[in-house]
Asker: 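Could you have a look at this structure, given as C-alpha cells, before my questions?
For clarity, every value in this text was computed on a predicted model and none was experimentally measured.
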Amino acid sequence: IFSCSMTAKVSKKNSFSTLSYQVLWLGSGIRPPRTIPLGPNIPVKEALLFYTKGSESEFWRRIGPGYYYVYETCKWKRIVRASWFLIFYREYNSFCQKHLAHDGNPVVSTDNIMHSFLEEKRQTFFRQEQESNNVNIAEWSHRNLCILYDALCPQGIWGNDYPHIVFYEEDNPSPSKDALYHGQNGKRGKPYWADRIDLPGDWEEQLAKKYQFNEQD
C-alpha cells in the first residue's frame, strides 16, 4: 500500500478512480484491488469521522425509519466522490511522507502510521472542543459522540459484520440521550440495530488522561 499511495498523483482526472481503491485498503497489508472493495475498511471510517465540509456534512448518510437514527457508512462509491475524501487522502499521504526513511521505505508498519494519524486527529478534536467550551457531552452531535466512543471503546464502534451505526433514543446511563449500537442492514427480518456499544466505566478518567478533556454537565 505504501508503494501505491506514495506514488499516486492526485488530480481531478484520477482522484476517484485511483484513490478509491488505494486508500480503502489502508492497513490491510495486501495489494489493493482495482475495484472499490465492499469490505468494512474500518480504519478509513475512523479517519473520515473528522472530515466535514459545507452541505456535504458527514461521510455517512442517514437511512431507515424516522424513530431512530441509522447511519449507512459503507457505500464507498458515494463516499469517495465527496470532496472531503480527497482532503483526507492528501492529509494522510502527507502524514505518511513524514514516516519514510531516506530510501523511501516506511520506518514503521502501515497499521502504526494509521494509528498515529488517528491519534493526532483525536488530540486535535478534543483540544478544540475544550477550547471552544463545548464540554457538555450530553448535547454533542452524533458525529462527536462517535469520535468519543471510537477513541475510548476497546473494540471501537464498527465491526466486520456491522456496516452501519445506530443511535436509539432511550433512558440510559450513557453521556447522551441516544444509546449507540452496531447497525446491520435490517433485511430478512433483522432489526436495524444489533449489539449495544457502551463506554468503559472509567471513560471520564480516560478522557482526561489521554486527551486532557474534562467533561461538564
Asker: Please confirm whether the backbone N or O of Asn134 pairs with a side-chain atom of Trp140, one donor and one acceptor, at under 3.5 Å?
Answerer: yes

Asker: Between Arg122 and Lys210, is there a donor-acceptor pair closer than 3.5 Å when you use the side chain of the first and the backbone of the second?
Answerer: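 Side chain of Arg122 to backbone of Lys210, a donor-acceptor pair under 3.5 Å: no, none is there.
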
Asker: Using a 6.0 Å cut-off, check whether atom CD of Glu131 has over 12 heavy atoms from anything other than its own residue.
Answerer: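 Count over threshold, so yes.
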
Asker: Less than 4.5 Å apart, any side-chain heavy atom of Pro43 and any of Phe117?
Answerer: no

Asker: Taking all non-hydrogen atoms of both residues into account, name the closest pair between Gly183 and Val166 and its distance.
Answerer: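 What the structure gives for the nearest pair is CA-CG2, 3.5 Å.
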
Asker: Just to verify, what does Glu129 make a salt bridge (Lys or Arg N to Asp or Glu O under 4.0 Å) with, not counting sequence neighbours?
Answerer: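 Salt bridge (Lys or Arg N to Asp or Glu O under 4.0 Å) check on Glu129 returns nothing, list empty.
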
Asker: Using 30° and 60° as the class limits, which term best fits the ring planes of His142 and Phe167: parallel, tilted or perpendicular?
Answerer: parallel

Asker: If you draw the axis of the six-membered ring of Tyr69, does the NZ or CZ of Arg62 fall within 45° of it and under 6.0 Å from the ring centre?
Answerer: yes

Asker: Can a donor-acceptor pair be found, under 3.5 Å and without considering hydrogens, that links the side chain of Glu46 to the backbone of Leu49?
Answerer: no

Asker: Show your working on side-chain hydrogen bond (donor to acceptor under 3.5 Å, both in side chains) between Lys121 and Tyr51 and close with a plain yes or no.
Answerer: CA-CA 10 Å; Lys121 285 291 183 182; Tyr51 292 86; 3.3 Å; yes

Asker: Taking ring pair (Phe, Tyr, Trp, His ring centres under 6.0 Å) as the criterion, tell me which of Tyr162, Trp158, Tyr149 meets it with His182.
Answerer: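 Testing each of Tyr162, Trp158, Tyr149 against His182, the sole residue satisfying ring pair (Phe, Tyr, Trp, His ring centres under 6.0 Å) is Tyr162.
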
Asker: Going by heavy atoms in the side chains, are Phe88 and Val44 under 4.5 Å from each other?
Answerer: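 The answer is yes; the side chains approach within 4.5 Å.
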
Asker: So, does Thr124 use its side chain to make a donor-acceptor pair with the main chain of Glu120 at under 3.5 Å?
Answerer: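 Present.
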
Asker: Look at the rings of Trp60 and Tyr71 and say which category their plane angle falls in: under 30° parallel, 30 to 60° tilted, over 60° perpendicular.
Answerer: parallel

Asker: Quick one: are Leu207 and Ile137 in side-chain contact, heavy atoms under 4.5 Å?
Answerer: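 A side-chain contact under 4.5 Å exists here.
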
Asker: For Tyr211, run the side-chain hydrogen bond (donor to acceptor under 3.5 Å, both in side chains) check against Arg127, Glu119, Gln206 and tell me which one passes.
Answerer: Glu119

